[in-house]
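Down below is the structure, laid out as structure tokens.
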Amino acid sequence: MKLKTNKFKHSERFDLQRRAVSHITTTSWHEIPHISYIYEPDITDFYKEFKILVNNKINLENKISFNTIMLKVVTEGLLLSPAILVCKNFV
């Protein structure tokens, strides 16, 4: 087995502050629970309704973007159910 040689000739040690931050970050990634979730909803009907809204409001000065409508829907949903944002069983 042949070892690869390092192309870099110069190396520097991190100062104490950078090493401390690195240590704390690494430790937190190992100790703090993490979760990720990907949800891809079907927005076909939502987009059709958006297109109808845009076509009906075509002569308005202020046009409504899809992002504006989506943010409004998410905001209203969170206002109706704020418990979604609270994790009660976090240890």
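What you see below is based on every heavy atom in this structure, not just the backbone, and it leaves out hydrogens, waters and symmetry mates. Computed from a predicted model, the values in this text were never measured in an experiment.
Residues passing the side chain to side chain contact (heavy atoms under 4.5 Å, CB included) test with T44 are D42, K48, sequence neighbours excluded. Here S22 pairs with nothing under the side chain to side chain donor-acceptor pair (under 3.5 Å) rule; sequence neighbours left out. F46 is linked by a ring-ring contact (aromatic ring centres under 6.0 Å, His included) to F66, counting only residues two or more places apart in sequence or in another chain. Scored by the side chain to side chain donor-acceptor pair (under 3.5 Å) test, S65 finds T68 as partners (sequence neighbours excluded). Residues satisfying the side chain to side chain contact (heavy atoms under 4.5 Å, CB included) test with Y37, not counting sequence neighbours, are Y39.
To the nearest 0.5 Å, atom CD1 of residue I69 and atom CG of residue L53 are 5.0 Å apart. Taken to the nearest 0.5 Å, the NE2 atom of H30 stands 11.0 Å off from the OG1 atom of T25.
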Candidate pair R18 and D15, rule side chain to side chain contact (heavy atoms under 4.5 Å, CB included), full reasoning:
CA-CA 6 Å; R18 290 183 78 182; D15 62 352; 3.0 Å; yes
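Sorted by first and then second residue, the salt bridge (charged side-chain N to carboxylate O under 4.0 Å, His left out) pairs with a member in residues 69-85 read K72-E76; sequence neighbours excluded.
Hydrophobic clustering (side-chain heavy atoms under 4.5 Å, transitive across Ile, Leu, Val, Met, Phe, Trp, Tyr) groups V54 together with I43. Note on L71 and L78: separate hydrophobic clusters, where clusters join Ile, Leu, Val, Met, Phe, Trp and Tyr whose side-chain heavy atoms are under 4.5 Å apart, directly or indirectly.
Taking Ile, Leu, Val, Met, Phe, Trp and Tyr as hydrophobic and joining them when side-chain heavy atoms fall under 4.5 Å apart, one finds I52 isolated, its cluster having no other members.
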